[in-house]
Structures are given as C-alpha cells and as structure tokens.
*Asks:* 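Take a look at this one; I'll ask things after.
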Amino acid sequence: MRDRPDTERGRLSLEQRNADMTVRLPVSGTPVRVDFDPDQTRRRFAEQRDKRLKREPLGQFQGLSDVLELEYVDRFADPVVRDALIEDVEVAILGGGFGGLCAGARLTEQGVTDFRIIEHGGDFGGTWYWNRYPGVQCDVESHIYMPLLDETGYVPSKRYADGDEIFEHAQRIGRHFDLYRTALFQTTVIATEWQADVARWEVRTDRGDVIRARFLLRSNGPLSKPQVPRLPGINDFRGKIFHTSRWDYDYTGGDQHGGLENLRDKRVAIVGTGATAIQAVPYLAEYAKELLVVQRTPSTVGVRANKPTDPAWAADLEPGWQADRIHNFNNVVNGHDPDENFVGDFWTEVFPNATGRKLVDVPPASLPLEDQMALAEIADMNATHAIHDRINGIVEDPNTAEGLKPWYGFLCKRPVFNDEYYPAFNRPTVKLVSAPGGIEGITGTGLVVDGTAYDVDLIIFATGFETGSSTSSRYGYDIIGRDGLSLADHFADGTKTLHGQFTHGFPNFLELGLSQNAYLVNYTYMLDRKAHHAARIIAHALDHGVSTIEPVLEAQDAWVETVRAAAQPHLHYVSTCTPGYYSGQGDISRAFFTDVYRISEVDYWNMIDRWWAAGTFEGLTLHTPATANLAARP
C-alpha cells in the first residue's frame, strides 16, 4: 500500500513498500530510504521523554558530600598532615586534573615556575584519581585523549586505556614537569577574592592556607561533585551503600580489572545506566550472586573493539605525532573532510554522518536549509535504530531487549561503548529493573521501584555528578571579583566571557574549563589548548610588567551574543531530548553545553591563533602602571 505523498511545504512525505520506506525531504523532495517511520519514532521519543520528566529537574539530586549516610572520604591516599601556608605566588591553579596539569606544564614551558596547584584529591588525576570502579576506561582513543604524550615520551598500551593507566600518566606528567613540588593535595578551596590594592587574588583553603596570586586559573572540572538521588529512607538501609567514585574494594574485593570475589554471596543493585554503569555492570554480573540494574533511561552502547597498541606502529612514531593525530581527528569530527582518517573510530563516523550524507545521493550542504535540518533529524533517528538492531542481535530475552532500547535522539546523551554490557543481561543472575520515574525509596533491606520491593545487600549509585548548578555549588566556593562582585551572581543569567576565558570585573582570572569556547568530544585537547593560551598571556604579562588583564566590556558583550546565537540550533535539539545532564534534566537553561560556542573547534582555535598573530590583544585591556612595582622576569 502506498500513502499519498504529502506535498505541503515543511513536512516530510512517506512512501512505504513492505518493510522499507522512502522519506521525501520537504522542499526538494529528495528521497531518503529508511527502515522506520520517522513520525512514529518522533512520537515514541516524546512519550519516553515525558515519562522521565521531573517537577524539579535539578532538585531530584543531592551532592554526595551532603548525604551523611554515604561516605565522602578519600579511600585512595593516607591523610596529609601539614602546616598552613601563607605565601605569594605568580599563579594559583585550582584543580589538579588534566586541566591543572596542562596549565602547570605549559607555564613551565613558558618559563613561569612560581605557581601553586591546589587539589582536593590525594594526587594528580582529577576524575581519574577518584573514579576507580571496575572496568573504568576512557571513551576517546588514548593516543589523542591522554595529553602531553609526545612531551613525556609515552605511548598508551591500548586504544582505550584503562583508568589506572590514565591515572599513572597524570602522575607521569607531574613528575616530568616537576609539578609535585607545587601541589597542595587533599586541600579544598573555600574562598577566592580579588584584592585591588595589591592586584592579587587571595585564595583561602580548608587547611588555613592563604595564598596570594597575581593570576588565578580555574580548572576544577565540570563533573567533580558526585550526586545521588534524593530518596526517602536512604539512612534506613542496613546493607552497604556507596557511589562509584568512592568504590570500596575492601567490601567487594578485587580491583579495577575484576576479581570482585567478595560479591559471590551478595545481592547487588546498581542504580543508573550511564557511562560508568555500562563499564561496571559486566564485572558485577560476573561476580555477584544476583545483580539488579536499575535503569531510568537506557544508554546507547556502541561497539568498543578495544585492542593493544601495535608495537611496530609505536616504534615508528616521530616527534609531533600526537599533535598531528589530534589535528586530523578534529578535522574529521568537525566536518573538514581531510584526505585521510588517522583514528577511524566511532566519533569520526557519527559526527560526519550526522548530516545524513550516507542517506542521500547528493551532498547535504547542496540541499535547502529546511531539507538539511530534516535530513539531520532522520540521520539522528537512524543511528538510534542501529543501536536497537545491535541489542536485538545480542540480548536473548525479548522483554529485556525492549527495555534496553534508547528512545531519544542519538546525541541527547553521550554515546558509550562496551562489548560486554549487553551480553551481561543474558546471565540468569542479572535482572533489568526499569524505573523511568526513578526509585520510590529505600528500605532497611533494599529499594522500591514502581511499588515492588527488592531486597539487596549492596546498593551502588552510578548516578554521576552535579551539573546545571552554579560553579559555587559544585566547587564549594565563589569567586569574588572587583568591588565584591560575585561570579555566581554575575553568571546567574548566563556566562559572560571573552573567548570563554576572560571575564570583565574579574582581573587576571582565566577559566580553563568549558566556558563559551568551542568543544567537541576530546575534552583534554580543549584543556591543553586553553592552558597553552593562558600560559602565553601570563608569560607576556610577567615579561612586560602588566599588572592586570581584563576584557573590554563591549568586546565581551559581543562575544556573548555570538556564542548565544550559535547555540540556538543545539538548544532546540536538546529541548526535545529525554532528561539527562546534556539537556539539564529537562531544563535546557541548565543544559550542559549551553555555553559552548557551537562552531568548528578547528575554526575556533584558528581564530585564536590569528588573534595571537595580530599581536594587538584585541578585546583585552592590559594595564601597565606608569610606575609598575611588578618587575618583569629576568
């Protein structure tokens, strides 16, 4: 049977022949062959989204540090005992993850060595220090994800490195650039304030430290405060309970690579099915007596296909190899179509194909804009249906397979990759518990979902980290700029920066994290580029007696408008998404990538390179006192 084509402009027309369908784009009528009905898929997306929306999108969670019943301790290092410091330095770096490490490395390369790195954990590494759950790996190829490989002379052991190897690399960077001498570990910042009379930032910590710095670099990381759902009865549970970022191997046995022998007689529930749970579930499934996987929203789980690094390939690498590989990757994923694809991974497939280029016989860019948008939506749905096909081919129980299928746009949540997750549900000891509305509560012996009580011995929260809130909420301190201006208050109606790094009213403050700069996929690349940018300008200031650096308000306002205008198509997309941190749990004003400059990351950094080449520091005010008491470096 053939439906009559809908010729009304702005709507897709559909022709159906058996299981195949031809969608015609609304303006040009270009045919697109698919094996699903886009209208039905769109309705299913909306239905599933509505099931998961909460009245209080962010209020449904609480920080792990706010839940007295859960341990927030550092399990991975002995307590540090030291006296409080009172000192002056050129630069204070807040955070000792890869952002802080890159900042320290790039400052050192510029000859700036008078700095402090303040880190909450017991060592460098950030997320790789805290997250040591079984199966933890990076989901971007290690050879481009792990920064400063060329500089430290290291080549990862396999395509997707395990967490302990990445953590060891963080330590390697610290040793190579002599950063341990600068570090204050197990130290939490509690206040930062600009002191105008001396043109310095004053940083106070929970250990009584008072550190005065000419420049303040923040790199605390967007996913740094563990969160759990607000659940009645959480303090009544008589079993064991912990968050994946505080994994208790004393209880489970084993380590990141398995061997969880203590769970052989335990009934375990893991709450959440994001990237962390996808990696941990296969290990829990192998060792637990029973495993409940409590799922609010399924993830899209693609093929991992991990493999060891080819020794011959590694032996032939020449200086500059990592920069070349990263540059090639960025060109591919940002749509610049280089002649060769060095990485050839999932990311270099999904982003170029997001335009729908494989679904039509003409270049998508040659189509009318309305057709390009319609084609991109079909390509997005097609990627989701491909995951459905993968599930059907692996999971044996039809009901479980249906429960694992994601029904949302493919990029509504960060795609993950694992080859053992779906097969784990074929074990008779593993049960999927669907909880689109969330867990109702916790009892003394387990948890309650949709009126059914499940008794367990261990509850593991794989519920991620606080997002969408102010940085003062996530990091535990505010930044107070000129005339007592609070950064949290200043950003209450949206971030305001120049180039995602400088903010008017906050002299000599540079943001190294995600903030109105371009970004796509490889977070450490962004951190390293921003660190290099910051180090160059700090070195320039010190060499030329510059006391303060601050953006011109008009230039900042223009940048903010540029970023917000570029964000509109993305915000429209996430407004249709199932709740998650990408979509602000349903409140797009709190969406994770709201402030990203939605252009090619390649084009963005080329712009920054041109900015440096011009030598005018356009958009910034570099203040040099007539009688500067800030001597240039020798």
*Asks:* Report yes if the side chains of Pro406 and Ile387 come closer than 4.5 Å at any heavy-atom pair, otherwise no.
*Replies:* yes

*Asks:* With heavy-atom distances below 4.5 Å as the criterion, would you say the side chains of His504 and Val552 are in contact?
*Replies:* no

*Asks:* Using the rule given for side chain to side chain contact (heavy atoms under 4.5 Å, CB included), can you reason through Trp128 versus Cys138, listing the C-alpha separation, both sets of side-chain angles and the distance that settles it, and then say yes or no?
*Replies:* CA-CA 9 Å; Trp128 301 105; Cys138 93; 3.9 Å; yes

*Asks:* Does the cation-pi check pass for Arg218 over Phe509, that is, NZ or CZ under 6.0 Å from the six-membered ring centre and within 45° of its axis?
*Replies:* no

*Asks:* Between the side chains of Ser600 and His336, is a donor N or O closer than 3.5 angstrom to an acceptor N or O?
*Replies:* yes

*Asks:* Name all residues meeting the salt bridge (charged side-chain N to carboxylate O under 4.0 Å, His left out) criterion together with Lys496; count only those two or more places apart in sequence or in a different chain, and write none if there are none.
*Replies:* Asp493

*Asks:* Heavy-atom count check: over 12 atoms from other residues, nucleotides or ligands less than 6.0 Å from His385 NE2?
*Replies:* yes

*Asks:* For the residue pair Tyr597 and Trp559, establish whether any side-chain heavy-atom pair is separated by less than 4.5 Å.
*Replies:* yes

*Asks:* Centre-to-centre under 6.0 Å for His533 and Trp611, is that the case here?
*Replies:* yes

*Asks:* Under 4.5 Å between any side-chain heavy atoms of Arg357 and Pro352, yes or no?
*Replies:* yes

*Asks:* We want to know whether Asn131 and Ser245 form a side-chain donor-acceptor pair, criterion being a heavy-atom distance below 3.5 angstrom.
*Replies:* no

*Asks:* Test side chain to side chain contact (heavy atoms under 4.5 Å, CB included) on Asn517 and Tyr604 and set out the steps.
*Replies:* CA-CA 8 Å; Asn517 52 271; Tyr604 170 82; 3.4 Å; yes

*Asks:* Of all residues at least two apart in sequence or in a different chain, which pass the side chain to side chain contact (heavy atoms under 4.5 Å, CB included) check with Pro338?
*Replies:* Asn328, Asn331, Val332

*Asks:* Using side-chain heavy atoms (C-beta onward) and a distance below 4.5 Å, is Leu375 in contact with Val32?
*Replies:* yes

*Asks:* Regarding Tyr477 and Asn220, do their side chains bring together a donor and an acceptor under 3.5 Å, going by distance alone?
*Replies:* yes

*Asks:* Assess the side chains of Ser28 and Thr30: does a donor N or O sit below 3.5 Å from an acceptor N or O?
*Replies:* yes

*Asks:* Please name all residues satisfying ring-ring contact (aromatic ring centres under 6.0 Å, His included) with Phe417, sequence neighbours left out, ordered by chain then number.
*Replies:* Phe346, Trp347

*Asks:* So His540 and Phe617, would you call those rings parallel, tilted or perpendicular, with 30° and 60° as cut-offs?
*Replies:* tilted

*Asks:* Salt-bridged, Glu618 to Arg610, with N to O below 4.0 Å?
*Replies:* no

*Asks:* With a 4.5 Å limit on heavy-atom distance, are the side chains of Lys413 and Thr297 in contact?
*Replies:* yes

